Amino acid sequence: MAKCALISGITGQDGSYLAELLLAKGYEVHGIVRRSSLFNTDRIDHLYVDPHLKTNLRLHYGDLADAGALRNLLDEVHPDEVYNLGAQSHVRVSFDQPEYTVDVVALGVLRFLEAIRNYIKHSGKHVRFYQAGSSEMFGSAKPRQHEGTRFEPRSPYACAKVYAHHQVVNYRQSYGLFACNGILFNHESPRRGETFVTRKITRAATRIKVGIQDKLHLGNLDARRDWGYAADYVEAMWRMLQQDAPDDYVVATGESLSIRDFLDLTFRRLDLDWQNHVEVDPRYFRPAEVDHLEGDATKGRQILGWEPKTDVRALVAMMVDSDLQLAKKELLLRDSGHPDSPRLGM
């Protein structure tokens with residue numbers, strides 16, 4: 001029989017790539033989506049078909065803030081694997097909404113773990129759980145960061161992720177849950193949200209290239225990050241849940257670049273000079289900065305057999321080429337006088 005997986009955050013970047021991967025492996029996939037007055041399923045629209053027809057992908061309303069809904073979903077879906085990718089995942093926003101961030105990112109994981117523990121107890125079914133950790137948990141720790149590096153979080157988001165990480169370890173040790181933490185370093189793609197710095201850069205640069213934008217405003221240009229490709233990283237998530245024993249793994253490329261470097265790669269691909277278009281705006285600085293994140297994924301390479309397939313330069317090219325097509329469509333809308341034509345500036 002096909003395995004069944006339940007994914008929170010399925011409409012996000014990682015959720016969409018993970019759903020693709022699992023469907024390709026023959027899984028029955030169920031996704032949790034939050035109720036909204038607007039459709040937000042564009043990243044998975046190519047996978048989703050009329051729910052009245054037979055399909056291996058189903059969506060369910062739910063929320064990490066609603067413990068009852070999580071318990072009901074487990075009873076309805078009967079998953080073999082649960083991937084918790086849902087979160088308020090924007091670090092800068094977490095400073096503005098700390099309570100909400102902690103409720104979803106930290107307590108949401110506790111609710112999920114409790115729901116799974118109770119489900120296993122009354123159903124007798126074995127369930128494997130994946131928790132999406134973050135390199136932001138390392139904060140001010142010196143690179144290269146690995147599984148044994150001490151967490152030094154520097155944002156409400158990172159603090160909440162650290163709490164969730166330790167709860168996963170606690171439930172694994174206390175109740176024997178097959179629960180894994182994936183400590184993923186920054187991972188990007190053409191599906192990345194446009195408020196995240198990499199996609200903000202590639203969107204703005206391509207709009208500048210076609211003439212519908214002139215300036216890009218950013219914060220700290222000296223911050224260094226280890227950037228990989230999201231589609232590569234979901235493979236590591238899946239591999240963690242296929243092991244004989246649960247454990248925690250860093251997922252990273254082992255190479256870090258600064259925001260300036262990312263700007264240079266992006267604008268050079270478009271034959272532009274970023275220094276003519278980028279302005280630093282103090283509003284985008286974090287109250288507490290994280291200067292340098294660079295991961296050591298040796299353990300994952302050795303145990304999971306996982307290797308990143310896409311380096312940051314290929315990733316930038318992929319994102320720029322995709323966003324250039326989007327910018328050209330925007331330009332066409334503007335020139336045709338379409339009411340949905342893009343606004344100038346950003």
Side-chain angles (χ1 to χ4, degrees), residues 9-17 19-20 33-34 36-48 88-93 96 186-221 223 225 227-231 257-284 310 312-346:
I10 194 171
T11 59
Q13 170 190 251
D14 294 5
S16 67
Y17 283 117
E20 283 182 348
V33 296
R34 285 183 300 157
S36 171
S37 60
L38 299 174
F39 288 112
N40 61 348
T41 59
D42 55 296
R43 292 186 180 96
I44 57 171
D45 282 346
H46 64 295
L47 302 173
Y48 194 58
Q88 188 300 100
S89 58
H90 198 287
V91 178
R92 181 62 189 83
V93 171
D96 299 323
N186 294 62
H187 44 290
E188 320 297 318
S189 76
R191 300 180 193 175
R192 189 59 145 154
E194 294 182 19
T195 60
F196 291 87
V197 67
T198 52
R199 187 79 195 287
K200 184 176 180 180
I201 289 171
T202 58
R203 282 287 283 127
T206 53
R207 294 176 96 236
I208 289 168
K209 179 66 176 180
V210 301
I212 56 178
Q213 185 172 330
D214 183 53
K215 294 294 182 181
L216 166 62
H217 296 89
L218 296 172
N220 180 13
L221 302 186
R225 294 293 184 268
W227 282 298
Y229 179 36
L257 298 177
S258 69
I259 302 293
R260 294 178 190 274
D261 295 330
F262 198 97
L263 282 167
D264 191 52
L265 289 171
T266 299
F267 278 76
R268 274 200 288 116
R269 185 162 184 84
L270 297 166
D271 295 319
L272 296 171
D273 184 347
W274 67 266
Q275 297 188 66
N276 295 331
H277 301 280
V278 175
E279 295 182 359
V280 173
D281 188 334
R283 290 180 297 176
Y284 296 114
T310 311
V312 67
R313 292 154 192 83
L315 173 63
V316 169
M318 180 194 312
M319 294 176 67
V320 169
D321 293 350
S322 174
D323 279 339
L324 184 58
Q325 294 305 310
L326 185 57
K328 289 178 178 178
K329 291 179 182 177
E330 286 186 299
L331 181 64
L332 183 62
L333 288 174
R334 189 195 69 175
D335 290 347
S336 66
H338 195 280
D340 291 332
S341 61
R343 295 173 296 171
L344 293 176
M346 197 171 184

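Because the structure is a prediction, the values reported are computed rather than measured.
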Discussion item. Looking at Met318, is its backbone amide N or carbonyl O close enough to the side chain of Ser322 to form a donor-acceptor pair, meaning the two atoms are under 3.5 Å apart?
Written reply: no
Worksheet item: With side chains defined as the heavy atoms from C-beta onward, is the minimum distance between Leu257 and Leu265 less than 4.5 Å?
Response: yes
Worksheet entry | Considering all heavy atoms, the nearest Arg334-Gly211 contact | NH1-O, 3.4 Å
Worksheet item: Are the side chain of Glu20 and the backbone of Ala231 linked by a donor-acceptor contact shorter than 3.5 Å?
Response: no
Practice prompt. Nearest 0.5 Å please: distance from the CZ atom of Phe267 over to the OG1 atom of Thr202.
Written response: 10.0 Å
Response to the item:
Rounded to the nearest 0.5 Å, the CE atom of Met319 sits from the CZ atom of Phe262 at a distance of 5.0 Å
Worksheet entry | Side chain proximity check, Trp274 to Leu221, heavy atoms < 4.5 angstrom | yes
Fill in: Side chain proximity check, Arg203 to Arg192, heavy atoms < 4.5 angstrom
no
Worksheet item: Could you state the interatomic distance from NE2 (His277) to CD1 (Ile201), rounded to the nearest 0.5 Å?
Response: 14.0 Å
Worksheet item: Are Ile208 and Gln213 close enough that some pair of their side-chain heavy atoms sits under 4.5 Å apart?
Response: yes
Item to complete: Of all the heavy-atom pairs spanning Thr206 and Ala327, show the shortest one and how long it is.
Response: O-CB, 3.6 Å
Practice prompt. Compare every heavy atom of Gly228 with every heavy atom of Leu315, then report the nearest pair and how far apart it is.
Written response: CD2-O, 3.2 Å
Practice prompt. Taking all non-hydrogen atoms of both residues into account, name the closest pair between Thr11 and Arg43 and its distance.
Written response: O-NH1, 3.1 Å
Item to complete: Show your reasoning for whether side-chain contact (heavy atoms from CB on, under 4.5 Å) applies to Glu188 and Arg199.
Response: CA-CA 8 Å; Glu188 320 297 318; Arg199 187 79 195 287; 6.0 Å; no
Item to complete: Start with the C-alpha gap between Leu218 and Lys200, add the side-chain angles, then the distance that decides, and say whether side-chain contact (heavy atoms from CB on, under 4.5 Å) holds.
Response: CA-CA 9 Å; Leu218 296 172; Lys200 184 176 180 180; 4.1 Å; yes
Fill in: Worked verdict on Leu324 versus Leu270 for side-chain contact (heavy atoms from CB on, under 4.5 Å)
CA-CA 9 Å; Leu324 184 58; Leu270 297 166; 4.3 Å; yes
Discussion item. Just so I know, are the side chains of Phe196 and Gln13 near enough to count as touching, which here means a heavy-atom distance under 4.5 Å?
Written reply: no
Worksheet item: So how far is it from Thr198 OG1 to Ile259 CD1, rounded to the nearest 0.5 Å?
Response: 8.0 Å
Worksheet item: Hey, does the side chain of Glu279 reach the backbone of Asp281 with a donor-acceptor pair shorter than 3.5 angstrom?
Response: no
Worksheet entry | Test item: Asp264 side-chain N/O and Asp261 main-chain N/O as donor-acceptor pair under 3.5 Å | no
Worksheet, complete the sentence: In this structure, CZ of Arg207 is separated from CD1 of Ile212 (nearest 0.5 Å) by 4.0 Å
Worksheet entry | Tyr284 and His217, any side-chain heavy atoms less than 4.5 Å apart | yes
Worksheet item: Any idea which heavy atoms bring Tyr229 and Ser189 closest together, and the distance?
Response: CE1-CB, 3.8 Å
Response to the item:
Value for NZ (Lys209) from CZ (Arg269), rounded to nearest 0.5 Å, stands at 12.0 Å
